[in-house]
Amino acid sequence: SGCSSSSGSGEMSVVQKGVVSATRADAKTAVLGLYRAWYRSIPTVIQMYRLDKSPEECKDKLRERFYKNKEADDTRVIDMLTIKGKMELDETLKMFKQTTHVMRFWEDPSGPVQNPKSFFQKFLDGN
């Protein structure tokens, strides 16, 4: 049960066959399974990547990332997001990433905040 299955090479894999949900309830079940798989993997990921984050910080970020897409209502979109999330987890657990890639989960997706230039700064810049 769950998202992990054993592949022929003896490695653990969390990615299963493509998910095609017949109903929104099926899609929700798949999302909850993915959430649980990520949640259970947090201690392992912290240890593997030697993250300077507490389990609570990681759980909060995980919750935030899942809530970001909670408004999705098309089952195809939910399935696509679920598949991408499973691939992310699989790549993370197989150490296909470097620590910097994992730490990007904590970056603001809009990029660094830039302060608007003051009149004086614009004048000095020649604008």
Side-chain angles (χ1 to χ4, degrees):
S1 82
C3 291
S4 39
S5 64
S6 184
S7 62
S9 63
E11 297 178 6
M12 290 300 289
S13 175
V14 291
V15 178
Q16 291 180 337
K17 295 179 188 174
V19 176
V20 180
S21 302
T23 65
R24 187 162 160 71
D26 292 343
K28 182 178 178 182
T29 301
V31 170
L32 289 174
L34 176 62
Y35 183 83
R36 286 186 198 110
W38 268 106
Y39 193 88
R40 285 190 303 261
S41 299
I42 286 174
T44 304
V45 171
I46 291 172
Q47 182 181 9
M48 286 170 44
Y49 290 94
R50 297 186 180 120
L51 299 180
D52 190 26
K53 301 284 182 186
S54 71
E56 290 73 28
E57 287 175 293
C58 295
K59 290 172 186 176
D60 289 344
K61 180 52 77 172
L62 175 65
R63 189 176 311 109
E64 176 186 317
R65 296 286 298 239
F66 271 77
Y67 273 120
K68 184 177 80 172
N69 296 311
K70 78 175 189 170
E71 298 302 321
D73 57 355
D74 185 353
T75 55
R76 293 171 298 176
V77 172
I78 296 169
D79 288 346
M80 187 248 339
L81 290 169
T82 303
I83 290 167
K84 286 175 109 179
K86 287 180 180 182
M87 289 172 28
E88 244 349 278
L89 178 58
D90 196 39
E91 291 170 5
T92 302
L93 293 176
K94 288 184 176 180
M95 297 284 297
F96 289 174
K97 300 177 179 220
Q98 295 179 1
T99 302
T100 55
H101 301 137
V102 176
M103 290 302 294
R104 285 188 190 144
F105 283 113
W106 280 270
E107 288 181 3
D108 184 4
S110 61
V113 176
Q114 297 180 358
N115 295 331
K117 292 185 177 184
S118 66
F119 171 78
F120 188 66
Q121 187 62 44
K122 289 179 185 176
F123 176 77
L124 291 176
D125 291 343
N127 294 331

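Since the model is a prediction, treat every value here as computed from it, not as a measurement.
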Margin query: How about CG on Asp74, more than 12 heavy atoms from neighbouring residues, nucleotides or ligands closer than 6.0 Å, or not?
Written below: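 Yes, CG of Asp74 has more than 12 neighbouring heavy atoms, counting only those of other groups under 6.0 Å.
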
[atom1] of [X] to [atom2] of [Y]: how many Å apart, nearest 0.5 Å?
{"X": "His101", "Y": "Glu88", "atom1": "NE2", "atom2": "CD", "value": "10.5 Å"}
{"X": "Thr99", "Y": "Met103", "atom1": "OG1", "atom2": "CE", "value": "8.5 Å"}
{"X": "Leu51", "Y": "Phe105", "atom1": "CG", "atom2": "CZ", "value": "10.5 Å"}
{"X": "Ile83", "Y": "Ile78", "atom1": "CD1", "atom2": "CD1", "value": "12.0 Å"}
{"X": "Arg104", "Y": "Gln98", "atom1": "CZ", "atom2": "CD", "value": "9.0 Å"}

Check: Do the side chains of Tyr67 and Met80 join up, straight or via other hydrophobic residues, at under 4.5 Å, putting them in one cluster?
Finding: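 Shared cluster, no.
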
Note to self: What verdict does the salt bridge (charged side-chain N to carboxylate O under 4.0 Å, His left out) test give for Arg76 and Asp79, after you've listed the backbone C-alpha separation in whole Å, the side-chain angles of each residue and the deciding distance to 0.1 Å?
What the structure shows: CA-CA 5 Å; Arg76 293 171 298 176; Asp79 288 346; over 6 Å; no

Quick one: does any side-chain atom of [X] pair with a main-chain N or O of [Y] as donor and acceptor, under 3.5 Å?
{"X": "Ser54", "Y": "Glu57", "answer": "yes"}
{"X": "Thr23", "Y": "Asp26", "answer": "yes"}
{"X": "Tyr49", "Y": "Thr92", "answer": "yes"}

Restricting to non-hydrogen atoms, name the atom on [X] and the atom on [Y] that form the minimum distance, rounded to 0.1 Å.
{"X": "Lys61", "Y": "Glu64", "answer": "NZ-OE2, 2.9 Å"}
{"X": "Leu93", "Y": "Ser41", "answer": "CD1-OG, 3.8 Å"}
{"X": "Cys58", "Y": "Lys53", "answer": "SG-CB, 3.8 Å"}

Do any side-chain atoms of residues 27-37 form donor-acceptor pairs under 3.5 angstrom with protein atoms, and if so which ones, sequence neighbours left out?
| from | atom 1 | to | atom 2 | distance (Å) |
| --- | --- | --- | --- | --- |
| Thr29 | OG1 | Ala25 | O | 2.9 |

Margin query: Looking at Lys59 and Glu56, is there a salt bridge between them, counting it only when a charged N and a carboxylate O are closer than 4.0 Å?
Written below: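 Judged by the 4.0 Å cut-off on N to carboxylate O distance, Glu56 and Lys59 do not form a salt bridge.
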
